[in-house]
Amino acid sequence: MEHYIELLDGTRIEAFPKAEQPEIIKDDNLKLDTTGEYLQVGRPKQKELSTAERNELNDQRKELFIRNAHRLIMESDKILADSRMFLASVPIRCGLAYTGTSGFDNITLGVYIEWWKYNECAWTEDDFGAKQPIYYIAGSPLSGGNKCAYVGAEGNSCSVSVYPFRPVWSSFIEVNNRYTTAKQRYEAYTIEEVVEKLFG
């Protein structure tokens with residue numbers, strides 16, 4: 001049986017099944033938030049972290065991704081040719097009011113690369129008029145009010161509000177949801193492994 005991931009441009013790249021196949025969750029579409037975290041009045045409660053170690057690791061991986069984002073974009077062809085790089089998890093927690101993180105679950109490096117490659121709305125101008133990639137999406141799908149972030153030229157995180165907001169979040173979710181099954185079924189490198197393989 002042939003295993004592959006079909007990219008947005010129709011290219012098929014070989015994929016490597018995990019040793020243990022999980023029960024596949026088919027749907028990662030927008031759903032009304034049922035946790036109360038994204039649909040509430042007043043100040044939100046601080047959510048308990050599962051473990052300090054996991055949180056610290058995710059922070060390190062997030063920082064590594066942001067610091068290397070421009071270099072990773074330069075290596076897009078290699079990332080889009082290797083399913084394990086494509087499926088490398090990126091622990092950025094995007095979300096919308098009312099629907100929470102649904103639609104943004106399990107973001108991968110390949111999702112970012114394709115989103116940046118094919119969507120003009122995935123880029124914003126910095127203070128100097130240079131185009132920079134948006135990596136964090138948060139706001140209201142109804143009012144359009146938002147607080148997003150892009151990667152600056154120095155590999156730093158910069159806050160920005162983008163308008164119109166709908167094309168930004170909807171295009172990202174569309175790319176992300178395309179690979180819901182592949183993310184669960186196939187092997188992936190860590191973001192550390194990707195950076196090491198590409199930049200040594």
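- Without hydrogens or angle criteria, Asn68 side chain to Leu64 main chain gives a donor-acceptor distance under 3.5 Å.
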Full working for side chain to side chain contact (heavy atoms under 4.5 Å, CB included) between Leu80 and Lys117: CA-CA 11 Å; Leu80 296 179; Lys117 183 173 182 177; 3.9 Å; yes
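- Taking every heavy atom of both residues into account, Glu6 and Tyr179 meet most closely at O-CE2, 3.6 Å.
- Residues Leu142 and Tyr163 do not share a hydrophobic cluster, defined by chaining ILVMFWY side chains whose heavy atoms lie under 4.5 Å apart.
- The CG atom of Leu72 lies 6.0 Å from the CD1 atom of Ile113; values are rounded to the nearest 0.5 Å.
- A side chain to side chain contact (heavy atoms under 4.5 Å, CB included) with Lys183 is found for one member of Asn106, Ile107, Ile5 and no other, namely Asn106.
- Nearest approach of Arg61 to Thr190, heavy atoms of both residues: NH2-CG2, 3.6 Å.
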Verdict with supporting geometry, Ser140 and Tyr98, side chain to side chain contact (heavy atoms under 4.5 Å, CB included): CA-CA 8 Å; Ser140 170; Tyr98 313 110; 3.8 Å; yes
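- Distance alone, capped at 3.5 Å, is enough to place a donor-acceptor pair between the Asn119 side chain and the Trp115 backbone.
- Put simply, the side chain of Leu198 does not reach to within 4.5 Å of the side chain of Arg71, judged on heavy atoms.
- Closest non-hydrogen pair, Tyr189 versus Lys197, comes out as CZ-CE, 3.3 Å.
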Thr180/Gln184 under side chain to side chain contact (heavy atoms under 4.5 Å, CB included): CA gap, chis, key distance, verdict: CA-CA 7 Å; Thr180 297; Gln184 299 169 79; 3.5 Å; yes
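- Looking only at distances, a side-chain donor or acceptor of Asp126 sits under 3.5 Å from a matching main-chain atom of Phe128.
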Test side chain to side chain contact (heavy atoms under 4.5 Å, CB included) applied to Tyr112 and Ile92, step by step: CA-CA 11 Å; Tyr112 272 113; Ile92 306 294; 3.4 Å; yes
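- When hydrophobic clusters are built by joining Ile, Leu, Val, Met, Phe, Trp and Tyr residues whose side-chain heavy atoms come closer than 4.5 Å, directly or via intermediates, Tyr186 is grouped together with Leu8.
- Nearest approach of Leu96 to Pro141, heavy atoms of both residues: CB-CD, 4.1 Å.
- Under the 3.5 Å distance criterion, the side-chain polar atoms of Trp116 are matched with a main-chain donor or acceptor of Ile134.
- The heavy-atom pair separating Tyr136 from Cys94 by the smallest distance is CA-SG, 4.0 Å.
- Looking only at side-chain heavy atoms (C-beta outward), Pro133 and His70 come within less than 4.5 Å of each other.
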Listing, residues 144-161 side-chain donor-acceptor contacts under 3.5 Å, not counting sequence neighbours, or none:
residue	atom	partner	partner atom	Å
Asn146	OD1	Val162	N	2.9
Asn146	ND2	Gly144	O	3.0
Asn146	ND2	Val162	O	2.8
Ser157	OG	Tyr135	OH	2.5
Ser161	OG	Asn146	O	2.8

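- A donor-acceptor pair is defined here as one N or O able to donate and one able to accept, closer than 3.5 Å; no such pair exists between the side chain of Thr101 and the backbone of Phe104.
- Nearest heavy atoms, Pro17 versus Ala15: CD-O, 3.7 Å.
- A side-chain donor-acceptor contact under 3.5 Å links Thr108 to the backbone of Val111.
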